[in-house]
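The block underneath contains the structure these notes are about, expressed in structure tokens.
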Amino acid sequence: MKFPERIQKVPPYIFAELDKIIEEKREKGIHLMNVAQGDPDTPTPVEIVEELTAQAHRPENHRYPSYTGMKPLREKIAEWMKQRFQVSLDVETEIMVLIGAKEGIAHTVWGVVERGETLFTPDPAYPTYFASGYFSDARLYRMPLLPENQFLPNLDAIPEKDWKGARLMLLNYPNNPTSATATLSFFQKAVEWAKEHSLWILHDNAYSEIYYQEPSPSILQVREAKDVAVELHSFSKTFNMTGWRLGWIAGNAEVLRALYVIKTNVDSGVFNPVQYAGIRALDLYSEVAEHMRGVYRRRRDMVVAEWQKIGLSPFPCLGTFYLWIPLPHTYKNNSMAFVKDMVEKAEVILSPGVGYGQYGEGYFRMALTQPDDVLERAMHSLSRAL
């Protein structure tokens with residue numbers, strides 16, 4: 001039986017493919033050192049877990065939650081955005097709670113992009129960006145993220161004909177997979193282009209609190225950004241809550257209304273005890289975020305030094321907990337072959353750059369989300385294999 005073309009267009013999700021490799025090895029008694037996935041090894045802070053537990057015992061929290069998120073959480077988010085970015089938001093119309101940022105990406109694209117309209121997406125990028133475009137029957141325009149441009153899209157290089165019929169631009173800084181960051185001046189230019197060409201911007205800011213120099217900005221800090229932009233945030237990376245599925249979207253009220261139509265028809269909101277845990281997490285923000293930046297900074301410096309000893313130089317990691325590394329010359333442009341070889345020769349699993357788009361070929365990604373001793377053993381094994 002034939003499936004719709006939009007399903008056939010979507011390539012296999014890279015992490016699902018890596019999971020198969022891991023499971024095959026596990027069945028043979030081989031436990032790979034997994035430095036491919038951005039799933040923090042550090043547990044969720046105990047205070048957040050205790051808040052979830054306490055709220056889960058309250059029967060009134062067992063009923064359907066609000067589609068837009070409980071008001072106390074939205075108020076806490078507004079307070080946090082004001083303190084962190086000096087951005088003022090209307091709690092009723094400019095903030096919506098999400099079942100994680102991934103859900104927000106897909107549903108926002110569905111909500112605003114019409115069939116045949118252009119979706120500007122970075123490449124390389126989080127694979128969900130491309131899939132969301134396919135599911136919307138959009139025309140994908142891949143904006144190359146190249147080292148000579150500090151992995152920022154060159155908006156001036158987009159032909160005028162491709163701006164016509166464009167509906168949405170996806171951005172993501174700090175960036176997965178390249179670990180690049182963006183400045184407010186870049187966001188200012190993006191907002192100006194969006195206003196000039198009548199399109200929306202969705203900025204995925206899930207890694208906003210994993211930075212190592214200057215704090216990462218919000219696109220909403222740009223004057224009049226809310227005329228065209230929305231921004232996603234996640235509890236996953238900052239608070240080690242990847243499995244909890246909690247995030248939010250903020251910004252343009254029209255986009256949020258379109259998203260509301262999608263969400264009210266395909267999901268029923270976030271379990272209230274998880275939302276209460278989110279409130280507690282934001283109360284702990286300063287303490288937790290600074291601690292996690294210290295952990296990843298230490299790991300980054302250690303792992304980068306080891307790669308340099310091997311003769312490979314990761315690009316500067318200014319944000320996120322990823323390293324973006326050019327392939328060894330012997331592998332040229334075959335990142336999947338390199339990853340498979342490292343599974344066999346080093347028992348280490350890395351992410352192939354091609355899994356993030358055509359412009360990701362020639363690179364691989366390493367995550368710093370394993371304990372220090374695992375990272376040390378992985379680097380020793382990779383060194384011997386290479």
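We count residues from 1, following the sequence as given. Side-chain atoms are counted along with the backbone in the values below, which use heavy atoms only and exclude waters and symmetry mates.
Counting heavy atoms from C-beta on, the side chains of S136 and L119 never come closer than 4.5 Å. Within the 4.5 Å cutoff, the side chain of P174 has no heavy atoms near those of the I210 side chain. At least one side-chain heavy atom of E361 sits less than 4.5 Å from a side-chain heavy atom of L327. The closest side-chain heavy-atom distance from R74 to K71 is below 4.5 Å. Contact of the K102 side chain with the R245 side chain is registered, since non-hydrogen atoms from C-beta on lie closer than 4.5 Å. Side-chain contact between E160 and H197 is present, with heavy atoms from C-beta onward closer than 4.5 Å. Here the side chains of F120 and R167 are not in contact, with every heavy-atom distance at 4.5 Å or above. Between M81 and W248 the shortest side-chain heavy-atom distance falls below 4.5 Å.
Salt bridge K82/E79: absent, no basic N to carboxylate O contact under 4.0 Å. Salt bridge D19/R26: absent, no basic N to carboxylate O contact under 4.0 Å.
Looking only at atom types and distance, the side chain of R365 has a donor-acceptor partner in the side chain of N176 under 3.5 Å away. Inspection of the Y331 and D341 side chains reveals an N or O donor paired with an N or O acceptor under 3.5 Å. Side-chain polar atoms of Y129 and D204 form a donor-acceptor pair below 3.5 angstrom. A donor-acceptor pair shorter than 3.5 Å cannot be found between the side chains of K309 and S383. Under the 3.5 Å distance criterion, with hydrogens and angles disregarded, no donor-acceptor pair is assigned to the side chains of D41 and Q370. For E209 and Y285, the side-chain atoms include at least one donor-acceptor pair closer than 3.5 Å. Side-chain contact check for Y322 and Y207: at least one donor-acceptor pair (N or O, by modelled atom type) lies under 3.5 Å.
Under a 3.5 Å cut-off, the side chain of N149 and the backbone N or O of N154 do not form any donor-acceptor pair. Without hydrogens or angle criteria, D123 side chain to M143 main chain gives no donor-acceptor distance under 3.5 Å. A side-chain donor-acceptor contact under 3.5 Å links T44 to the backbone of N240. No donor-acceptor pair closer than 3.5 Å links the side chain of N61 to the backbone N or O of H57. Side chain of E231 to backbone of I219: a donor-acceptor contact under 3.5 angstrom is found. In terms of modelled atom types and a separation under 3.5 Å, the side chain of H203 and the main chain of A229 share no donor-acceptor contact. Looking at Y212, its side chain does come within 3.5 Å of a backbone N or O of T320 through a donor-acceptor pair. A distance-only check finds a donor-acceptor pair linking the side chain of T264 to the backbone of V261 [under 3.5 Å]. In this structure, D301 contributes its side chain and R298 its backbone to no donor-acceptor pair below 3.5 Å. With H62 contributing its side chain and A56 its backbone, the two residues share a donor-acceptor pair below 3.5 Å.
In the displayed structure, K340 atom NZ is contacted under 6.0 Å by at most 12 heavy atoms of other residues, nucleotides or ligands. The neighbour count for Y141 OH, taken as heavy atoms of other residues, nucleotides or ligands under 6.0 Å away, is above 12.
When the options N205, L170, L98 are evaluated for a side chain to side chain contact (heavy atoms under 4.5 Å, CB included) with L232, the one that passes is L98.
Taking the six-membered ring for Trp and thresholds of 30 and 60 degrees, W163 and W193 have nearly parallel ring planes, at less than 30 degrees apart.
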Subject >> D162/R139 under salt bridge (charged side-chain N to carboxylate O under 4.0 Å, His left out): CA gap, chis, key distance, verdict >> reply: CA-CA 10 Å; D162 290 304; R139 171 182 175 264; 2.5 Å; yes

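Every side chain to side chain donor-acceptor pair (under 3.5 Å) that E192 has, sequence neighbours left out, goes to Q188.
Taking Ile, Leu, Val, Met, Phe, Trp and Tyr as hydrophobic and joining them when side-chain heavy atoms fall under 4.5 Å apart, one finds Y359 in a cluster with L146.
Considering CD of Q37 and OG of S351, their distance stands at 7.0 Å, rounded to 0.5 Å.
Placement of V112 and V266 within a single hydrophobic cluster is found when ILVMFWY residues are connected by side-chain heavy-atom separations under 4.5 Å, directly or transitively.
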